[in-house]
There are 2 protein chains.
Amino acid sequence: MTAIPWLTQLQENGYRLTGARRAVVETVQQATHALTPLQVFDLARKKYPALGLVSVYRTLEKLEELHLIQRVHQPQGCQAFISAGSGHQHLLLCQNCGQVEFFEGDDLEALTSVISQRTGYQIKEHWLQLFGLCRNCQ
Amino acid sequence: MTAIPWLTQLQENGYRLTGARRAVVETVQQATHALTPLQVFDLARKKYPALGLVSVYRTLEKLEELHLIQRVHQPQGCQAFISAGSGHQHLLLCQNCGQVEFFEGDDLEALTSVISQRTGYQIKEHWLQLFGLCRNCQ
DNA sequence: TTTGATATTGAAAATCAATTTCAATAAGCG
DNA sequence: CGCTTATTGAAATTGATTTTCAATATCAAA
Ligand SMILES: [Mn+2]
Ligand SMILES: [Mn+2]
Ligand SMILES: [Zn+2]
Ligand SMILES: [Zn+2]
């Protein structure tokens with residue numbers, strides 16, 4: 001998959017296409033691990049050496065706003081981002097190497113209706129994240 | 001429920017009982033909402049005016065280490081803490097007022113075994129959090 | 001193409017939360 | 001009551017993120 005759809009989306013939302021943005025977008029889109037802003041900076045600078053860290057923050061902000069990336073919450077920190085899956089998806093993270101996989105097909109209907117009844121809450125959303133070891137790391 | 005069991009646990013683990021600790025423990029234990037260190041500070045200072053913010057951080061650290069509190073991850077930030085349920089429990093958060101409820105009895109066995117097979121991951125843990133509106137906020 | 005309005009840039013400064021340092025104090029044991 | 005030492009709050013420091021700003025680059029319009 002190429003970086004074009006993301007760049008197009010940025011453009012369609014009134015943002016200009018620049019070297020800094022191209023480098024950040026390509027970097028994040030290619031990643032199979034969640035990346036912190038600093039990691040994005042280090043990787044993207046190889047493609048575009050003039051890049052400033054500030055532009056990484058600014059671009060990540062826009063990508064998140066367009067739902068092209070999502071923040072990854074982990075016990076050791078919540079500053080990393082990964083390309084967002086399309087549709088309703090959840091994350092599976094390798095506790096050893098940090099690799100990220102998406103999965104879907106969870107059915108929490110039965111659970112949420114029980115909880116809803118038990119607590120009186122009207123349930124709107126859920127966060128589900130699995131942690132484990134990828135094939136390589138087992 | 002009183003603050004004594006937590007204070008006892010601190011003492012049993014070699015920590016001394018001080019005014020600062022009592023104030024923080026009471027504050028966090030009584031809360032029905034997740035509290036940030038600064039919120040704990042403001043509340044606990046009413047009980048113990050000499051309290052320093054540093055001691056809040058230090059006490060929260062120890063309570064988390066003893067699994068008496070847990071960090072709450074939310075879209076708007078991940079710095080808040082809530083009294084930890086006992087046993088395997090999950091959180092249900094009110095998106096409007098921030099009230100926290102615990103629930104248990106989720107069974108993700110079927111799901112995780114499918115995902116495990118599909119991805120090759122050995123699944124070790126899961127995070128599940130529900131968001132919704134409490135009775136008052138509906 | 002050229003032009004011009006303005007979005008975007010990176011550097012530097014500022015902010016903010018969290019951590020470390022440190023000398024004074026207080027907990028808890030004998 | 002004393003003594004050891006864990007704990008304290010203030011202040012300094014760190015580290016991440018945000019803001020400010022003048023220079024520059026994008027891109028639509030001429
Ligand atoms: Mn789901
Ligand atoms: Mn569970
Ligand atoms: Zn792995
Ligand atoms: Zn509510």
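Numbers restart at 1 for each chain; the letters A, B, ... are given by sequence-line order, proteins then strands.
The interatomic distance linking A/Leu7 (CG) with C/dT8 (P) rounds to 13 Å, in whole Å. Atom CG in A/Leu17 sits about 15 Å away from atom C1' in C/dT9, given to the nearest Å.
A centroid separation of 6.0 Å or more is found between the aromatic rings of A/His73 and B/Trp127.
A distance of 11.5 Å separates OG1 of B/Thr27 from CZ of B/Phe41, quoted to the nearest 0.5 Å. Here B/Leu91 contributes atom CG and B/Phe131 contributes atom CZ; the two are 8.5 Å apart, rounded to the nearest 0.5 Å. Annotation: the span from A/Leu108 atom CG to A/Leu128 atom CG amounts to 6.0 Å, rounded to 0.5 Å.
Applying the side chain to side chain donor-acceptor pair (under 3.5 Å) criterion to B/Asn96, with sequence neighbours excluded, gives no partner residue. Applying the side chain to side chain donor-acceptor pair (under 3.5 Å) criterion to A/His126, with sequence neighbours excluded, gives A/His88, A/His90, A/Asp106.
At C/dT9, one or more side-chain N or O atoms of A/Thr18 fall inside 4.0 Å of OP1 or OP2 (strictly under the cut-off). For the OP1/OP2 pair of D/dT26 and a distance below 4.0 Å, the side-chain nitrogens and oxygens of A/Gln11 include no atom meeting the criterion.
Axis angle, first five pairs versus last five pairs of the helix from C/dT1-D/dA30 to C/dG30-D/dC1: 40°, rounded to 10°.
A donor-acceptor distance shorter than 3.5 angstrom exists from the side chain of A/Thr112 to the backbone of A/Glu109, with no hydrogens or angles considered. Listed for the A/Asn13 side chain is no donor-acceptor partner under 3.5 Å among the backbone atoms of A/Tyr15. When atom types are taken as modelled, the side chain of B/Thr59 and the backbone of B/Ser55 share a donor-acceptor pair closer than 3.5 angstrom. B/Arg21 places no side-chain N or O within donor-acceptor distance of the main-chain N or O of B/Leu7, the cut-off being under 3.5 Å.
Annotation for A/Tyr121 and B/Val100: closest pair OH-N, 4.4 Å, computed over non-hydrogen atoms.
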Are any protein N/O atoms closer than 3.5 Å to N/O atoms in nucleotides 13-19 of chain D? If there are, list each pair with its distance.
from: D/dT17; atom 1: OP2; to: A/Tyr57; atom 2: OH; distance (Å): 2.0
from: D/dT17; atom 1: O5'; to: A/Tyr57; atom 2: OH; distance (Å): 3.1

Just the table, please: protein N/O against nucleotides 4-7 of chain C N/O, every pair under 3.5 Å.
from: C/dT6; atom 1: O2; to: A/Arg16; atom 2: NH1; distance (Å): 3.2
from: C/dT6; atom 1: O2; to: A/Arg16; atom 2: NH2; distance (Å): 3.4
from: C/dA7; atom 1: O4'; to: A/Arg16; atom 2: NE; distance (Å): 3.4
from: C/dA7; atom 1: O4'; to: A/Arg16; atom 2: NH1; distance (Å): 3.3
from: C/dA7; atom 1: O4'; to: A/Arg16; atom 2: NH2; distance (Å): 3.3

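Along DNA chain D, the nucleotide nearest to B/Ser55 and the one nearest to A/Gly19 differ in position, and the one closer to the 5' end is contacted by B/Ser55.
Residue B/Lys124 qualifies as open at atom NZ: its count of foreign heavy atoms under 6.0 Å is 12 or below.
With hydrogens and angles left out, the side-chain atoms of B/Gln95 and A/Glu125 include a donor and acceptor closer than 3.5 Å.
Applying a 4.0 Å cut-off to non-hydrogen atoms, the residues of residues 39-52 of chain A that approach DNA chain C are A/Tyr48, A/Ala50, A/Leu51, A/Gly52, listed by residue number.
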